[in-house]
There are 2 protein chains.
Amino acid sequence: MTQQSRPVYLKLRDQIAAAIIEGVYAEGEMLPSVRAFAAEQGANPLTVAKAYQQFQADGLVEVQRGVGMYVVRGAAEKLRRSEREQFLAREWPELKVRMKRLGIDPTELLAHS
Amino acid sequence: MTQQSRPVYLKLRDQIAAAIIEGVYAEGEMLPSVRAFAAEQGANPLTVAKAYQQFQADGLVEVQRGVGMYVVRGAAEKLRRSEREQFLAREWPELKVRMKRLGIDPTELLAHS
DNA sequence: CAAGGTGCATCAGTGACATAATACAGCGCG
DNA sequence: CGCGCTGTATTATGTCACTGATGCACCTTG
């Protein structure tokens, strides 16, 4: 049967993204080192590095070799915008279809807030 | 960068589940044979069989050896209920948190219907 | 310079996934 | 019965994402 568990590096990636957006890792500040974060999360440093890499590629964090990775100014808002766009374009459409198929009314769900 | 492509057998499984709920494969009727469906989808018969297996295990389809797999009566509603429950319990909570973080107002999305 | 911290490149191992080639057991129909 | 269709069990192979261990280059600090 196997399973389909979300890869660790993606979980970490989402977790970090949320932290950046919410200001836990404020702009201009340093991200936890790959080793520190790995130890904290019980993961492998390389796996953490893989999660960090995407932010670096997107220009959301800057690497100072031998020092660490810093959150770029405007990263939080930039990240929020791109994630928002991704969500609306990719996930929401099929999500809406699926909810309709399951007989779920989105407006009803908001009442339980 | 790798990918994160959903396994084929899970895609097929979702596709079939949707078809059952929507009545494309009506109750009492026969599902496409593993070979036929495999040829149609460009997949391997074994992969299709793997997708079918879950429905069989959940008692949603019945196997008549040498004949084919039939959709059990009440399968559509049963499937809808279980999927609905899954969605509300597992996906929606974190989805709600995530939407809030991204500054997305669910009510706004309904306007685009 | 020496020590300890950073990220990162390289190589390797593991397991899920998909495909393939057969073979078998059961059923329907001519 | 014989043919063709069902699902399924078996075995094998190949691929690839994921994870991990090791070592290196770079920086800061004392």
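Labels below follow one simple rule: chain letters A, B, ... track the order of the sequence lines, proteins then strands, and each chain is numbered from 1.
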In terms of side-chain heavy atoms of [X], which of [options] is nearest?
| X | options | answer |
| --- | --- | --- |
| A/Lys50 | C/dC8, D/dC18, D/dG7 | D/dC18 |
| A/Val67 | C/dG7, D/dT28, C/dG28 | D/dT28 |
| A/Val8 | C/dG7, D/dT19, D/dC18 | D/dT19 |

### Message
Taking the basic N atoms (NZ, or NE/NH1/NH2) and the acidic carboxylate oxygens, is any pair closer than 4.0 Å for A/Glu91 and B/Arg98?
### Response
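Counted as a salt bridge, because a side-chain N and a carboxylate O are separated by less than 4.0 Å.
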
### Message
Between B/Arg73 and B/Glu29, does any side-chain N to carboxylate O distance fall below 4.0 Å?
### Response
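Looking at B/Glu29 together with B/Arg73, the answer is no, because their closest N to O distance does not fall below 4.0 Å.
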
For [N], does OP1 or OP2 lie under 4.0 Å from any side-chain N or O of [X]?
| X | N | value |
| --- | --- | --- |
| A/Asn44 | D/dT19 | no |
| B/Tyr9 | C/dC17 | yes |
| B/Ser33 | D/dT6 | yes |
| A/Gln56 | C/dC8 | yes |

Distance in angstrom units between [X] [atom1] and [N] [atom2], rounded:
| X | N | atom1 | atom2 | result |
| --- | --- | --- | --- | --- |
| B/Arg6 | C/dC17 | CZ | P | 11 Å |
| A/Gln64 | D/dA25 | CD | P | 21 Å |
| A/Gln54 | D/dC18 | CD | P | 10 Å |

### Message
Using only modelled atom types and a 3.5 angstrom limit, is any donor from either the side chain of A/Arg35 or the base of C/dG7 paired with an acceptor on the other?
### Response
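Side chain to base: pair present.
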
#### Entry: Atom pair CD (B/Gln53) and CG (B/Asp58), whose distance is rounded to the nearest 0.5 Å
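One gets 11.5 Å once the value is rounded to the nearest 0.5 Å.
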
### Task
Assign the ring pair B/Phe87 / B/Trp92 to parallel, tilted or perpendicular, where the plane angle (0 to 90°) is split at 30° and 60°.
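Aromatic pair B/Phe87/B/Trp92 classed tilted.
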
